[in-house]
Novice: 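Take this structure first; my questions come after.
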Amino acid sequence: MTTTTAPQRTNLLGLSREEMEHFFLSIGEKKFRAAQVMKWIHHEGCDDFAAMTNLSKALRTRLAEVAEIRGPGVVYEGSSSDGTRKWVLEVEDGSYVETVLIPADNGKRRTLCVSSQVGCSLDCSFCSTGKQGFQRNLTAAEIIGQVWVAQRSVGPRKDTANRPVTNVVMMGMGEPLMNYDNVVPAMKLMLDDDGYGLSKRRVTLSTSGVVPMLDRLGDELDVSLAISLHAATDELRNELVPLNRKYNIRTLLDACKRYLAKCQDTRMVTIEYTLIKDVNDQQEHAEQLAALLEELPCKINLIPFNPFPHSGYEKPSRNQTMRFQQWLYELGYTAPIRTTRGDDIDAACGQLVGRVKDRTKRHERYIRSIQIDAD
Ligand code: SAH
Ligand code: SF4
């Protein structure tokens, strides 16, 4: 007996320009349809072909048969007292990812912190995503879907001067360079004028140092780069970022230089340094860090460790954090301290899965717990 299944409709949300053009050619349409439909999806937040009034009725009907625009489902949306907004999104297999919009500069900048994976395989010792283990890579549609959802919920893009999302950082759950094939098309859509039209300086990829993929990225895109360093000696970094045993600090910094050399304009790498009490927050650590970074055009961001249950680490005191900043200053570095935003909705960037760790938790219990956080 033969069974027939309905042909799968193509989800257009995650298609880069080239993929979208290819799709239209494959259904016997002209390439320029790609730009028209991309504008509807990414500028207008549209998910209904019937509303795409600059397409013929026949094409709209055809598209509804062979394609769809399917974003992640919004399970929870919360705002915190400092204006930070957070969305918990349900993706294909019922997993959750979180995305956070953080306002800055008196509302001039709105930075969206985007996730690339459900969980992460790299198991950094101070990271709750790492402790959760790796579940799966997000698809390109699920990655760009986070920007799409945030923009739709803040309001349609009226003009380029008034964008709901002005910056994107790939600093949510997961290691973006371990999901290269889906992250790159999604980032292309962030930069494309018919996508989100963000400048490459306003789109940042953060990595713990997957060196071969960093080299590949430099050949394809020149978005801003943030490196999660956290330690200036291999001995300590091996402990905090196990990937360092494969690609050590020297190898990583050399790859950063190659990346900068490929960028079309003058650029700096952002070095992320999570300060952990009595682990990497002493004067000798500041001195080692300053000496190490002498040769790399970079700026340092200090991130006080964001505690989570059973991490075994503590956050340094405010005084110690300021002392560390002062030591770096005396050594020639102005290193801003990245303040945790949206504390009341558990929305610190890079620390998004605080409440999802227990995978056995029932859906309802999870939703209840984050709603209590938001009160
Ligand atoms: N996997 C990528 C991007 C996601 S993590 C990376 O590691 O760069 C984003 C940032 O948050 C990284 O710099 C990461 O080291 C940092 N981070 C993770 N857990 C943290 C914690 N508990 N406290 C403070 N920063 C943390
Ligand atoms: Fe993965 Fe980044 Fe967390 Fe390390 S810090 S476990 S690379 S998400």
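In each ligand, atom 1 is the first atom listed, and ligand 1 is the first ligand listed. Since we're looking at a predicted model, the values are computed, not measured.
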Novice: When Val165 is tested against each of Val114, Leu112, Val154 for side chain to side chain contact (heavy atoms under 4.5 Å, CB included), which residue passes?
Specialist: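 Among Val114, Leu112, Val154, the one meeting side chain to side chain contact (heavy atoms under 4.5 Å, CB included) with Val165 is Leu112.
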Novice: Is it the case that atom NZ in Lys262 sees more than 12 heavy atoms from other parts of the structure closer than 6.0 Å?
Specialist: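 Check passes, neighbour count above 12.
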Novice: Checking the N or O distance criterion of under 3.5 Å, is ligand 1 in contact with Thr274?
Specialist: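 Yes, Thr274 has an N/O under 3.5 Å of an N/O on ligand 1.
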Novice: If I apply the N/O under 3.5 Å rule, does Phe305 come out as touching ligand 1?
Specialist: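 Between Phe305 and ligand 1, no N or O pair is found under 3.5 Å apart.
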Novice: How about atom 2 (Fe) of ligand 2: does it have a protein heavy atom within less than 4.0 Å?
Specialist: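 Flag for atom 2 (Fe) of ligand 2 set to false, no protein heavy atom closer than 4.0 Å.
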Novice: For atom NZ of Lys257, is the number of surrounding heavy atoms from other residues, nucleotides or ligands below 6.0 Å larger than 12?
Specialist: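 For Lys257, atom NZ is crowded (more than 12 foreign heavy atoms under 6.0 Å).
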Novice: So, Thr251 and Asn248: side-chain donor and acceptor under 3.5 Å apart, yes or no?
Specialist: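 Yes, side-chain donor-acceptor contact under 3.5 Å.
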Novice: Quick one: do the Thr10 and Glu68 side chains pair a donor with an acceptor below 3.5 Å?
Specialist: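 No pair is found: no donor N or O on one side chain lies under 3.5 Å from an acceptor on the other.
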Novice: Using only heavy-atom distances, determine whether the side chains of Gln326 and Arg323 contain a donor-acceptor pair under 3.5 Å.
Specialist: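 No, because no side-chain N or O of Gln326 sits under 3.5 Å from a partner of the opposite role on Arg323.
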Novice: Quiz question: by atom type and distance under 3.5 Å, do the side chains of Ser317 and Asn319 form a donor-acceptor pair?
Specialist: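 There is no such pair (donor and acceptor under 3.5 Å, judged by atom type) between the side chains of Ser317 and Asn319.
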Novice: How many N, O or S atoms of the protein are nearer than 2.8 Å to atom 1 (Fe) of ligand 2?
Specialist: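 Considering protein N, O and S only, atom 1 (Fe) of ligand 2 has 1 within range.
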Novice: Could you list the atoms of ligand 1 found under 4.0 angstrom from a heavy atom of Cys127?
Specialist: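 With Cys127 as reference, the close atoms of ligand 1 come out as 18 (C), 19 (N).
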Novice: Hey, do the aromatic rings of His43 and Tyr196 have their centres closer than 6.0 Å?
Specialist: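 Not under 6.0 Å, so no.
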Novice: Identify which of Cys124, Gly172, Ser128, Ser206 has a heavy atom lying nearest to atom 4 (C) of ligand 1.
Specialist: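 Looking at heavy atoms only, Gly172 sits closest to atom 4 (C) of ligand 1.
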Novice: Mind checking whether Phe324 and Tyr273 have parallel, tilted or perpendicular rings, split at 30° and 60°?
Specialist: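 Ring orientation of Phe324 relative to Tyr273: parallel.
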Novice: Which atoms of ligand 1 have any heavy atom of Met170 under 4.0 Å away?
Specialist: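 The atoms of ligand 1 under 4.0 Å from a heavy atom of Met170 are 3 (C).
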Novice: For a quick check under 3.5 Å, do Asn182 and Asn137 share a side-chain donor-acceptor pair by atom type?
Specialist: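 Distance-only check fails for Asn182 and Asn137.
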Novice: May I ask you to list the atoms of ligand 1 that are less than 4.0 angstrom from any heavy atom of Glu272?
Specialist: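 Every atom of ligand 1 under 4.0 Å from some heavy atom of Glu272: 10 (C), 12 (C), 13 (O).
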Novice: Can you find an N/O atom of Gly174 closer than 3.5 Å to an N/O atom of ligand 1?
Specialist: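 It does: an N or O of Gly174 is found under 3.5 Å from an N or O of ligand 1.
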Novice: Suppose I only count heavy atoms of Glu175 and a 4.0 Å limit; which atoms of ligand 1 are within that range?
Specialist: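 Those of ligand 1 that fall under 4.0 Å from Glu175 are 1 (N), 2 (C), 6 (C).
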Novice: Less than 4.0 Å is my threshold; does some heavy atom of Met173 fall inside it relative to ligand 1?
Specialist: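 No, Met173 has no heavy atom closer than 4.0 Å to ligand 1.
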Novice: Between Glu175 and Ser116, do the side chains contain a donor N or O and an acceptor N or O under 3.5 Å apart?
Specialist: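 There is no such pair (donor and acceptor under 3.5 Å, judged by atom type) between the side chains of Ser116 and Glu175.
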Novice: Below 4.0 Å from any atom of ligand 1, is there a heavy atom belonging to Pro307?
Specialist: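 Not so, Pro307 does not reach ligand 1.
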Novice: Give the atom numbers and elements of ligand 1 that come within less than 4.0 Å of a heavy atom of Thr207.
Specialist: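 Ligand 1 atoms under the 4.0 Å threshold to Thr207: 6 (C), 8 (O).
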Novice: Would you check, one step at a time, whether the test side-chain contact (heavy atoms from CB on, under 4.5 Å) holds for Ile300 with Leu302?
Specialist: CA-CA 6 Å; Ile300 305 172; Leu302 297 174; 4.1 Å; yes
